[in-house]
Amino acid sequence: MSKKSATVTEDELLQRRISHAHWLSDMLQDPTSTVSLTVAAYADLLDELLHDVALEAHREHRTGVLLPYGTQQPPQRPQPLPPLPGTKGATDVFGQVHPGTATDIVTCMHCGRKAQAGKFAYHLEKCLARGRGAAGSARTSRRAGV
């Protein structure tokens, strides 16, 4: 009797699954149903994902980043650009050379002297006597009796 009841429940379970499959098939036939729209949205997402993966693999293969299957080589860091012939100093990604300090000429608004932009802060400290030399210049003026 237990075998027969187990078989009956298996048959009922199979019939329920078949009826669910028919219902799903009928819902997919109607393009305005929620089921059909959901499946279409997931299909579009899957297509976009596969397209992105294929483009990325193609790009990596063309640039040489993607190694052939089965080869194992540690990824190498990109090397900096070598300096252009006849130039000194570091170059940026476009190959232009930039000096270590700014070489623009700036005019001091206090004394009118011209100084390089990279050394203007030092000049301004000395010019306004507020830097390290301020205590020394104060001592000098006291000694002179001013």
Side-chain angles (χ1 to χ4, degrees), residues 1-139 141:
M1 176 124 172
S2 64
K3 277 189 170 183
K4 191 169 185 178
S5 64
T7 306
V8 171
T9 58
E10 286 178 13
D11 288 341
E12 288 174 1
L13 182 60
L14 184 59
Q15 287 300 324
R16 275 193 242 145
R17 287 183 180 169
I18 290 173
S19 69
H20 284 300
H22 284 296
W23 175 82
L24 185 60
S25 176
D26 292 339
M27 292 301 286
L28 289 173
Q29 296 300 320
D30 180 19
T32 60
S33 70
T34 306
V35 174
S36 179
L37 294 173
T38 303
V39 169
Y42 279 120
D44 286 344
L45 287 173
L46 185 61
D47 285 345
E48 287 291 325
L49 179 71
L50 291 175
H51 186 257
D52 287 346
V53 169
L55 282 178
E56 185 176 338
H58 174 72
R59 186 180 313 118
E60 287 179 358
H61 175 70
R62 294 290 289 179
T63 58
V65 175
L66 183 65
L67 298 174
Y69 181 74
T71 59
Q72 293 181 352
Q73 185 179 14
Q76 296 178 354
R77 296 183 68 168
Q79 299 296 321
L81 293 173
L84 296 173
T87 60
K88 293 182 180 178
T91 58
D92 63 6
V93 293
F94 302 108
Q96 298 173 345
V97 179
H98 295 283
T101 60
T103 56
D104 294 339
I105 303 297
V106 179
T107 305
C108 177
M109 57 280 221
H110 190 263
C111 69
R113 285 183 64 188
K114 295 184 180 190
Q116 288 183 348
K119 300 182 180 197
F120 183 69
Y122 176 76
H123 165 77
L124 203 57
E125 276 184 299
K126 297 297 180 187
C127 185
L128 298 176
R130 297 191 192 277
R132 290 181 228 151
S137 60
R139 265 189 247 122
S141 60

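Because only heavy atoms are used, hydrogens play no part in the values below, and waters and symmetry mates are left out as well, while side chains stay in. Heads up: numbering here begins at 1 and tracks the sequence.
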Closest heavy-atom contact between Pro31 and Ser36? CA-OG, 3.7 Å

Give me each pair satisfying side chain to side chain donor-acceptor pair (under 3.5 Å) with a member in residues 43-64, each pair once, sequence neighbours excluded. none

What pairs with Ile105 under side-chain contact (heavy atoms from CB on, under 4.5 Å), at least two apart in sequence or on another chain? Lys114, Gln116

Under the side chain to side chain contact (heavy atoms under 4.5 Å, CB included) rule, what do Phe120 and Asp104 come out as? Steps first, then yes or no, please. CA-CA 10 Å; Phe120 183 69; Asp104 294 339; over 6 Å; no

Test side-chain contact (heavy atoms from CB on, under 4.5 Å) applied to Asp30 - qualifying residues, sequence neighbours left out: Thr32, Ser33

Residue set satisfying side-chain contact (heavy atoms from CB on, under 4.5 Å) with Leu50, at least two apart, ordered chain then number -> Leu46

Return the OG to CD distance between Ser19 and Glu12, rounded to the nearest 0.5 Å. 11.5 Å

Side chain to side chain contact (heavy atoms under 4.5 Å, CB included) for His123 and Cys108? Distances and angles first, verdict last. CA-CA 8 Å; His123 165 77; Cys108 177; 3.4 Å; yes

Rounded at 0.5 Å granularity, tell me how far CG in Leu14 sits from CZ in Arg16. 11.0 Å

Looking at residues at least two apart in the chain, or sitting in another chain, which of them share a side-chain contact (heavy atoms from CB on, under 4.5 Å) with Leu37? none

